[in-house]
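Order of the sequence lines sets the chain letters (A, B, ...), proteins ahead of strands, with each chain counted from 1.
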Amino acid sequence: MRPYNFKELEKKWSPIWESKNLYKTSDDPEKENFYCLDYFPYPSGAGLSVGHCRNYIPTDVICRMKRMDGFNVLHPMGWDAFGQPAEEYAIKTGVHPVEVTRVNTENYKRQMKLFEASYDWSREINSSSPEYYKWTQFFFLLLFDRGLAYQSDNFQMYCPSCKIVLSNEESAGGICWRCSTEVIKKRLPQWYFKITEYADRLVDQLDDLDWPENIKAMQRNWIGRSSGAEVVFTVDTEKSGVINLPVYTTRIDTIFGATFCVLAPEHSDLLKITTEEHRKNVEEYISASSAKTDLQRLVASEKGKTGVFTGAYALNPFNNEKIPVWTADYVLAGYGTAAIMAVPAHDQRDFDFAKKYDLPIIEVIAPDGIAQGVEEEATVADGQLLNSGEFSGLSSEESRNIMADFAEKNKFGKGETRYRIRDWLVSRQRYWGAPIPIIHCDKCGAVPERNLPVILPDVDSYQPDDSGRSPLAACEDWVNTTCPECGGAAKRETSTMAGFACSSWYFLRFASPHCDDAPFDMDEVKKWLPVDLYVGGAEHAVMHLIYARFWTKVMYDAGMLDFTEPFTCLKNQGMLISYDHQKMSKSKGNVITPDEMVVKYGADALRLYIIFMGPFEAEIEWSEEGLAGTFRFVKRVWNLFLETAVIEKQETDVEFEKELKYQLARTIKKVTSDMNGFQFNTGVAAMMEFLNFLSANRSKAASVADLWRKVQQDFLISLAPVAPFVTDELWHVLGFGDDSETIHTQKWPEWVEEDTVKDTVEIVVQIKGKIRGRISVPADASKEDIEKMALQLDKVQDHLKGSAPRRVIVVPGRLVNIIG
RNA sequence: GCCGGAGUGGCGGAAUGGCAGACGCGACGGACUCAAAAUCCGUUACCUGCAAAGGUGUGAGGGUUCAAGUCCCUCCUCCGGUACCA
């Protein structure tokens, strides 16, 4: 018998499928459309590891199934090609980033073809090509024109190692998202997108998305909507008269317990309210805090909060009490009003501060309104108000609305919603990105450059530095231009856009990747979008996924789209851990590549193993033994199917025929639902079980010759999306189609529902919940009959000792439970 | 701290409230072989027992139920996110 030789099959079939244009997006108006997208990768020099396969192979299986199931399938791939690594490589080697990108994308594509990912390569896109970034620039101007892009000269997060400014999202936790270096703050003029204007919609519209709960939670956390109130305290100063000191609180119910106010050291009115006597102290405190990073502040304050008194007193408008004003760096500059009312009785941080500096603690919330004392720690729970004037006796919850209304009526405050999310810092002083299409004119200000694309010029040096100047600034011929509005001399913006701008709309481009008079063809977008299935790693939760949602909503507002959410269903594949229990990384030398595994076991076995290794979302450790297992499975399919390729028809074994029909129907049913439901591991297990059954009964093949052939056909077709090579070869060898055909365009098999039910079923007989026996009964037996048969069992009789059972529970098709 | 998720054999993992451990890996035994690899057949949760059989068992402890890995309560551990957000 011909041995299984995967190399031969791969060499044979890949070119055949390519010549048939098998993966080209079909556009049959009779069929439903299905858009399945993988996060487009950054093509790094390291190439793909088997970890990436956990993203690309499952979606590929789904797409192949959908094609067989009668869908038009859009399954594209492209390159998120702008970014630091190509630039860094270019600096090191002198090779132009365009060339670096070309080499890397070719390698990625070659690897994807190794495991036969069925992308429609005629739709390949590259975010660093002018045909693409022209439209990224177009969207910058769309945001600019809608008042959603602005320049500001603020403190930024800055990575001293990468020498780059970072958005808030890219510096979460105070460390750089790329290199994990602790970020510092730097004041530089930068461009921002007003994502904060969309905060409410970004939170509210999460609810209906079919996304993993943790990703939705992360976005909700990140946006951090909180409802509270702003209340204006006032400070009467000698020099500047009365200064308003608005504070933001989510606990206005505790305001009668405010015993001091705290301003962030960066607060703009801090020195104005500080008295002469305390000025030196305050100034010293400000400079000491500004020398620290946020992380250093946090670490220091865990040992004990610090702060200094300003000498000023603020008036609490609710009770007209004057309370001291302090500055302390546990109050953050960037949130709320950078000033708080401190309620030590009911906020742990304020409590710690009050204890340290011996400030008064007044209890104003207690269960049932009865003071219980606040000695060891703050009581943060809601309760009933006390010591709160006319509001005493109210519950925390009702008082929050009442007190906010009261403040509004008396014009010293109002209810207010605040968010943690900040505007998106989008400009980068970097070479390898899409130039921001703005011209700076002394007379006209920032003027949009409508003549797109603004081509990224060639420069002599890509090297970034700490100056806050882009490498493009050295390119004088390019920088110096004329103002499109007044015609006078002007300079181009030299910053480029962060890579996340490019990826905020790419999913739209795939619908019409070669459209050259618009970012996308509206009709094509209507056909395909929103994305039906989006798959990638969870690391994009509060970066790419939040930015892309934001841009989609902006486009919707601009009338360009008729939907507000780009990705209907999102799935995150689990991480693949290497054999040494660590993440795969080049520096650890533990990366396993699809290349070596395809050489050793073939693409079919690799594809099978990737989806069989465990649940799709779970973090799994790589096991080459596991891969060897799916390789054996493929070989067993090969051997069994060739062995029973030609069978002499014999007298029909009715009993076995029935059993085989049952096994076939139940397998096809399970594979269909498991694969579609992303339960690939159990879907493959069902195929394995079925093969085990066929193998054990191979000697009976001749007694069910016609059915056996149908089994072979359905088995191969339903395995084809996972193991394209071996199935197409066997399908042809067994004569199911001629050379003009391929298994991959066959219709997905159906099953006979009646066959999934057996005539007789085995029922477990329990006595008080413990299994004591089994009976075989007709599937349609009545409860009474089943009970009668169960009670006749010797074991049951022994237990009952002649008396009647107290209770008998019969679950048809499953069990009988007898309570004696 | 807060938010989200998860705890099941030697390992990866299966189980609409209804037979816990499917499938795979590994291990052990056997067949084939001069031998090995490959392949095929069998065994494989734990305890007692020669066996038949019996008992125990899904992170811990309670509860609901005829019946709980699954539902409820209290707690522990691990993973991911976030973190002085007032």
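As judged by a 4.0 angstrom heavy-atom cut-off over every strand, Lys770(A) is placed among residues touching the sugar-phosphate backbone only. Nucleic acid contact class of Pro212(A) (heavy atoms, under 4.0 Å, all strands): none. Within 4.0 Å of Arg422(A), counting heavy atoms only, lies at least one base atom of the nucleic acid.
Aromatic ring orientation, Tyr547(A) versus Trp424(A): parallel (interplanar angle below 30°, classes split at 30° and 60°). Aromatic ring orientation, Phe641(A) versus Phe715(A): tilted (interplanar angle from 30° to 60°). Between Tyr330(A) and Phe353(A), the angle of the ring planes lies from 30° to 60°, which puts this pair in the tilted group.
Every residue two or more places apart in sequence or in another chain that forms a ring pair (Phe, Tyr, Trp, His ring centres under 6.0 Å) with Tyr4(A) is listed here: Trp638(A).
Taking the C1' atom of each, rG26(B) and rA15(B) are spaced 23 Å apart, rounded to whole Å. Of the P atoms belonging to rC19(B) and rC25(B), the separation is 26 Å, rounded to the nearest Å. Taking the P atom of each, rA14(B) and rG59(B) are spaced 14 Å apart, rounded to whole Å. Using atom P as the reference point in both rA45(B) and rA20(B), the two lie 14 Å apart (nearest Å). Taking atom P in both rC78(B) and rC28(B), the straight-line distance is 34 Å, to the nearest Å. Nucleotides rU56(B) and rG81(B), compared at atom P, are 43 Å apart to the nearest Å.
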Write out a two-atom table: protein N or O, nucleotide N or O from nucleotides 21-23 of chain B, distance below 3.5 Å.
residue : atom : partner   : partner atom : Å
rA22(B) : O2'  : Glu689(A) : OE1          : 3.4
rA22(B) : O2'  : Glu689(A) : OE2          : 3.2

Please write out the pairs of protein N or O atoms and N or O atoms of nucleotides 66-70 of chain B separated by less than 3.5 Å, giving the distance to one decimal.
residue : atom : partner   : partner atom : Å
rC66(B) : OP1  : Arg807(A) : NH1          : 3.0
rC66(B) : O2'  : Asn817(A) : ND2          : 3.2
rC66(B) : O2   : Asn817(A) : ND2          : 2.8

When you compare the protein's N or O atoms with those of nucleotides 73-82 of chain B, which come within less than 3.5 Å of each other, and at what distance?
residue : atom : partner   : partner atom : Å
rU82(B) : O2'  : Arg420(A) : NH2          : 3.1

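The side chain of Thr249(A) lies closest to rA86(B) when the candidates are rC3(B), rC84(B), rA86(B). Taking the side chain of Val811(A) as heavy atoms from C-beta on, and the options rG18(B), rC41(B), rC84(B), the nearest nucleotide is rG18(B). Relative to the side chain of Val331(A), the nucleotides rA86(B), rC84(B), rC19(B) differ in distance, and rA86(B) lies closest.
Across Trp622(A), Phe680(A), Phe631(A), a single residue satisfies ring-ring contact (aromatic ring centres under 6.0 Å, His included) together with Tyr609(A), and that is Trp622(A).
If you measure from atom NZ of Lys670(A) to atom P of rA14(B), you get 10 Å, rounded to the nearest angstrom.
For the segment residues 627-639 of chain A, residues with any heavy atom less than 4.0 angstrom from an atom of RNA chain B are, sorted by number, Gly629(A), Arg632(A), Lys635(A), Arg636(A).
Relative to the ring axis of Phe616(A), Lys571(A) does not place its NZ or CZ within 45° and under 6.0 Å from the centre. A cation-pi geometry, defined here as NZ or CZ lying under 6.0 Å from the six-membered ring centre and within 45° of its normal, does not hold between Lys185(A) and Phe155(A).
For RNA chain B, runs of at least 3 consecutive pairs of the Watson-Crick or G-U wobble type, with both hydrogen-bonding distances under 3.5 angstrom, map to B:1-7 with B:76-82, B:10-12 with B:23-25, B:26-31 with B:39-44, B:45-48 with B:53-56, B:59-63 with B:71-75.
Between Tyr330(A) and rA86(B), a side-chain N or O to OP1/OP2 separation shorter than 4.0 Å is absent.
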